[in-house]
Amino acid sequence: MSHTLLHNVLIPFLKGAITVVALGLAAGILTWIERRLLGRLQIRKGPNRVGPQGFFQWIADTVKLVFKEDIVPSRAEKALHLLGPLLLFVPAVVVLGLVPWGPEFTLFGVTTPLHAAADLNVGLLLILAVSTIGVYGIILSGWASNSKYPLLGGLRSAAQLISYEVPMGLAVVSAILMSGSLSMVEIIEAQRKAGVWFVFPGLIAFFLYFVSGVAETNRTPFDLPEAESELVGGFHTEYSGFRWAVFFMSEYGNMISVSAVATTLFFGGWLRPFPNVAWLSFLDVIPAFFWFAGKVFLFLMVYIWFRATFPRYRFDQLMALGWKTLIPISLGNLALVAIAALWGAAGLKVLGAVLVLLVAAGFIAVWMRPARPRSSTTMASPNVEVRA
Amino acid sequence: MSEPTPGTVAQFPPLAGPPLLGLHEMELNFGPQHPSTHGVLRLVLKVDGERIVSARPDVGYLHRGTEKLFETETFPMVIPHTDRMDYVAASTNNHAYCLVVEKLLGVEVPKRAQYIRVLLDEMQRISSHVLWLATAAIDLGAITPFFYTFRDREVILDLFEEYCGARLTLNCMRIGGLPVDLTPGWLEKVRAFTEPFEKCIDEYEDLLTENRIWKERTVGIAVLDEKRCIEWGVTGPVLRAAGKAWDIRRALPYEVYPELQFDIPVGKNADTYDRYLVRVAEIRQSRRIVLQCLDWLEKNPGTEIRGKVPRVIKPPAGEAYACVEAPKGELGFHLVASGGNKPYRLHVRPPSFINLQALPEMAQGHLVGDLVAVIGTIDIVLGEVDR
């Protein structure tokens, strides 16, 4: 086999296939993890019947969904109705393919990076561009269903996703400023060189990215496009069977993709903690890929934690939060990071230390504050006695 | 979405505020199969984008002709039908009905039976308010309070089951008293639940009271001030959240309530958040009452559970009205008797139905996302609305 054929055709094809399968599997397993963890958070057990600890529940659900009747409303736009779920799922896979999962590795005498697509010099731009396509999936499926609730869901998501692209993009720019590159691999290498994960100097940027990421993936508290209690199912009300399963999978796929990008930009990708500190080198026992996967997993747990904790925002409040709070903060943060980046690595370290101290002080302040007021004390005029 | 036809715009009154670029309203059918209408309520909405121009409730999907059915049953046989009106607060329904018949009969209920009735009512109030909290929170996207509250409601339902054999449709009162005496050891079980229950209420509040998103979703939503409440005849926590300390247990006392110590929590802002606070505070007050009833019952053991009631209940011809403070508001029965063994006419004053009237006014101008908060805040049960 010629070298060209192997490196330009066979390996990329294999890696692409692995990415699709891995995302599908991970999304499925994530649904099981979510239901179990939510169960723990909500003093109940969650699915525990099918297989050990209910692990095969997600397979059973998938089988059920695939065999369900695929109903297309008679007055729907047939082509767009079909296109909607695909447009949502494909970007999730592509984004995951653009994120490096680990450094180069050698298998069967072939050395190749653990990275589905090539390390593009515009990788980050491409990720932003591709992930935007998902909006069309939601708008089109909402529109094509020819039904009122999906339409409202689609319109909500159009406004929401476009608004939250802005703070997300601005947060990503700070990572670019700190690393001086758009290539995902070089961003990771820059974090090794700087000796510090970008999450410390980019604490605000990371926060903004993560909040916008929750909004981009339509998760609680920003799950307005589906908003079960308001819009029944939102944009996917009129979907059933396998097409609905694709929506379901893309939601989890998108969560994984957003977490993977956050890991790469702010948590050093596959790097172990403090990659420059020599005495911590025993941590290298864990292969690079597992550092990456573990960090992604942690983010996913935070997503699930959010779901158990927060009520849902209202539409106008969501927009106000995006435009009036997140965007001004992200612009200010950009200036801050730019000034620090002018100093180079030292500047980043100083900024990181200051931010970490501020956050620690904030936590202590929250911890020390007096107990929360209870209903009896927050009442306007408690204990009114009306004796007959 | 219907095709825009010329002339449809002018049919509806224009919105307050600047005109919105020639867009016109869409009619949106909200229910009866919608997940957050708490049953089979149907609302016909006119929305401008997401803003509600008008909301018209369409009730009757659960209409069973209960009031007509009452007329075909003898007086004791009516009681199980009352269970099925507000089916999450059956004991207060039983209670109100028994009170009105007792009033006409002139029967004295033994003190011990009165205490047990009040005990059951207050446990029922806790379970009803807790159910309200669960559903109202889940409507606004907070799913965890649901499980916390159901953990505790389950204990109350188990206690009901042990007392009268039913969990929901209790049928737990009889004209002149109670059907059965307490099971041995039941009072201790109620105490074992009620005393630490304060901590559970704190848990609900930790999840919601100071939760920023919860406050943003509820403060200033669905305001109905005291004047409008009284004009609509709205009672219960909705009225009390508007600042009016009107509670049948104090205003028109029945049974042993004058002997019990409890406060009437009132709100100030008449919005959804104040209604939430009022209901949570009422759970605390109900717990206080339950503990006082337990103290009395433990100090005064006995077996007297029924007054002197004739075998065949035939109240003299005449009419009477009696009401109780149900979890949702004033629940009243107006009985007209003709001297026979069946009611000639039995009219119900259902708090859910009367409070629901205020919904169009409360919903107007809010967004579709707020509508679920508005429906939730009134605390309706469609079994009682439609009867």
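Here is how names work: the chains are called A, B, and so on, in the same order as the sequence lines, proteins then strands, and each is numbered from 1.
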Proximal component of D247(B), with respect to chain A [non-hydrogen, under 4.5 Å]: neither

Heavy-atom proximity to chain B below 4.5 Å, by part of R44(A): side chain

Proximal component of R151(B), with respect to chain A [non-hydrogen, under 4.5 Å]: side chain

Under 4.5 Å from any heavy atom of chain A - which part of L367(B): side chain

Listed partners of R56(B) passing salt bridge (charged side-chain N to carboxylate O under 4.0 Å, His left out), at least two apart: none

Aromatic ring pairing F210(A)/F299(A), orientation class (parallel under 30°, perpendicular over 60°, tilted between): tilted

Under-4.0 Å salt bridge between D202(B) and R284(B): yes

Side chain, backbone, both or neither of I43(A) within contact of chain B (heavy atoms, under 4.5 Å): side chain

Within 6.0 angstrom of K78(A) NZ, more than 12 heavy atoms from elsewhere: yes

Interface moiety of I375(B) toward chain A, non-hydrogen atoms closer than 4.5 Å: neither

Axial cation check for F262(B) ring with R250(B), 6.0 Å and 45° limits: yes

